[in-house]
Every structure is written in structure tokens, then in C-alpha cells.
Amino acid sequence: MQQPVDINLVTKMKCLLVDDEPLAIEGLKFYAEKLDYIEIIGTCHTAIDAMEIINRHAVDLMFLDINMPDLSGVDFLETLKNPPLTIFTTAYSEHAIDGFRLNAVDYLLKPISVARFVQAAQRARALFMQKHEQALPKTNNHMNREIYLKQGNEYIQVQWSEILFIESMQNYIIVHFQDRKITVHQTMSAAELLLPQDIFFRTHKSYLINIARIERIRGNTILINGHEIPLSKHRREEFFQVVVDDKLFNK
């Protein structure tokens with residue numbers, strides 16, 4: 001069985017703070033500097049500046065304000081093909097739906113308490129650790145095929161090979177099987193990190209599919225058990241390279 005990653009051997013999360021209010025930046029920085037698993041690599045006041053930093057440096061975690069001039073945090077995040085783990089910050093609770101739609105790690109409402117900051121940072125840390133675990137050599141990666149889905153006070157054991165696809169719906173995911181579906185309070189990003197990446201592929205921001213269950217590909221639509229799954233234009237090239245090309249019979 002694969003051994004868990006030693007937390008002391010994993011590098012710190014490289015963190016970017018983005019907010020158009022200098023005082024908000026200082027507050028985030030004050031909190032972040034108290035956590036030994038976060039390394040602040042930059043701060044900026046606009047999404048344009050954040051884009052330049054992300055293009056030049058590896059960023060693992062971003063605290064991103066939603067209400068900024070010129071380009072909002074939501075619009076900015078949607079432009080990123082491979083965004084870092086993102087925690088939204090804002091003074092307006094009505095933007096929470098955007099955070100869930102874009103699979104943000106968390107959503108912090110200003111003024112931000114230290115307790116909520118640490119809670120969000122720890123959630124990001126857990127996802128970061130899962131990512132590092134999956135990057136390790138996987139000699140026994142597919143030995144443990146069972147996972148647990150939590151519903152209320154119940155933990156339902158399922159075989160990941162039985163999953164057809166997973167659909168994101170706000171702050172929930174719907175796990176589809178041949179004859180049933182289970183709704184779980186979880187983010188799509190967390191589900192993607194938990195499942196083997198050589199078996200499951202993110203075809204769209206709202207869909208993660210079991211590639212072994214693909215029946216047909218028609219244009220930008222993937223058919224699985226009668227369901228039509230969208231294939232995003234941003235993922236199409238990678239999808240064919242990873243999933244189709246090596247198995248194409250009549251090239």
C-alpha cells in the first residue's frame with residue numbers, strides 16, 4: 001500500500017495574494033506569514049499584474065479578490081487554463097455561487113477572521129498534499145479501488161471503476177453509476193485529486209469522466225451510458241492526446 005507523504009518533505013505552497021485594497025493585502029499577508037506551509041511569492045492589486053506573476057512563476061495557491069477594477073477575480077480565473085488552487089475573498093456574499101461554479105477551494109467573506117483564514121488554508125493544504133501524493137511513483141496505485149462517499153451520517157463504499165462520470169453542481173458533485181447516482185457535498189477539484197488521473201479525465205469544468213466508460217465521441221460531445229458529456233474546446237486537444245491518439249485503430 002502506498003505510504004502517505006511526509007508533510008515535512010513536501011515543499012511549501014507558493015502563494016500569491018491579489019486584492020485592489022492595500023489594507024486587505026496586508027491582512028492576508030499577516031495571516032499567511034503565521035502558517036509555516038505557505039510561502040508568499042508575490043502580492044498585486046490587479047488581475048493583469050497577477051497574470052504576469054503566474055506566467056513567470058509557479059503558483060500553488062492564490063487568494064483572489066472578486067471585486068477589482070478592469071477585470072474581476074471571477075473573469076480572471078476563467079481565463080486561466082491551469083489555475084492554481086484558489087480561495088476567493090470578497091465583501092459581497094452574492095458572489096459565492098461563482099466560487100462554487102469555478103471550483104474554488106473556499107470563499108472568504110470580508111472582514112476575514114483568522115479562524116476562517118486558517119480553515120481555508122488547511123483545506124488548500126489538504127488538496128495540495130493529495131496532488132503531491134499522486135505525483136509519487138504509483139507501483140500500487142490501482143490496488144485500492146474502493147472509495148467512500150459521505151451522505152449525511154453514512155459512508156458508502158463504491159468501486160471507482162464503477163463510476164461512469166462525475167458532474168459538478170455548485171458546492172456538490174453528483175457521482176453517476178450505471179443504475180444510480182449519489183450526491184456528495186464535495187468540490188470537483190477534490191474529487192479529481194482523489195481518483196487516478198490515468199483513468200479519469202476532466203473534459204469540462206463541470207464534468208470528470210471515467211475514460212474506460214466512453215462509448216462514442218461525436219464532435220465536442222462524449223457519450224457514456226446514454227448521457228451526453230460536453231468536451232470543452234480548451235480540453236479537446238489534451239483529451240485526444242491522452243485518451244484517443246495512442247488507441248486510434250485507423251490513423
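Annotation: side chain of H176 is not in contact with side chain of I166 (no heavy-atom distance under 4.5 Å). Residues E215 and N225 meet the side-chain proximity criterion, which asks for heavy atoms closer than 4.5 Å. A 4.5 Å side-chain heavy-atom check between Q157 and Q159 finds at least one atom pair inside the cut-off. Looking at W160 and L194, their side chains never come closer than 4.5 Å, going by heavy atoms from C-beta outward. Contact annotation: the side chain of L223 approaches that of T221 to within less than 4.5 Å [non-hydrogen atoms, C-beta and beyond]. Side-chain contact between I54 and L80 is present, with heavy atoms from C-beta onward closer than 4.5 Å. When side chains are defined from C-beta on, D70 does not count as touching I48, because their heavy atoms never get closer than 4.5 Å. With a 4.5 Å cut-off on side-chain heavy atoms, L61 and I87 count as touching.
Between the NZ atom in K81 and the OG atom in S232 there is a gap of 9.5 Å [rounded to 0.5 Å]. In this structure, CG on L127 lies 12.0 Å from CG on D60, to the nearest 0.5 angstrom.
Side-chain polar atoms of D106 and Q119 form no donor-acceptor pair below 3.5 angstrom.
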### Task
Test F88 against F63 for ring pair (Phe, Tyr, Trp, His ring centres under 6.0 Å), laying out the working first.
CA-CA 6 Å; F88 276 127; F63 286 86; over 10 Å; no
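With sequence neighbours left out, F240 forms a side-chain contact (heavy atoms from CB on, under 4.5 Å) with I217, L231, R236, V244, D245.
Applying the 6.0 Å contact sphere to CZ of R216 captures no more than 12 heavy atoms from other residues, nucleotides or ligands. K181 NZ: 12 or fewer foreign heavy atoms inside a 6.0 Å radius. Sparse packing is recorded around CD of E154, with 12 or fewer heavy atoms of other residues, nucleotides or ligands lying under 6.0 Å away.
N210 places a side-chain N or O within donor-acceptor distance of the main-chain N or O of I163, the cut-off being under 3.5 Å. Between the S72 side chain and the N67 main chain, no donor and acceptor come within less than 3.5 Å of each other.
Ion pairing between R235 and E238 holds under the 4.0 Å rule for side-chain N and carboxylate O. The residues K110 and D19 are annotated as salt-bridged, a charged nitrogen and a carboxylate oxygen being separated by less than 4.0 angstrom.
Because its NZ or CZ atom is not both nearer than 6.0 Å to the ring centre of F128 and within 45° of the ring axis, R125 does not count as a cation-pi partner of that residue.
F117 and Y31 have tilted rings, their planes meeting at an angle from 30° to 60° on a 0 to 90° scale.
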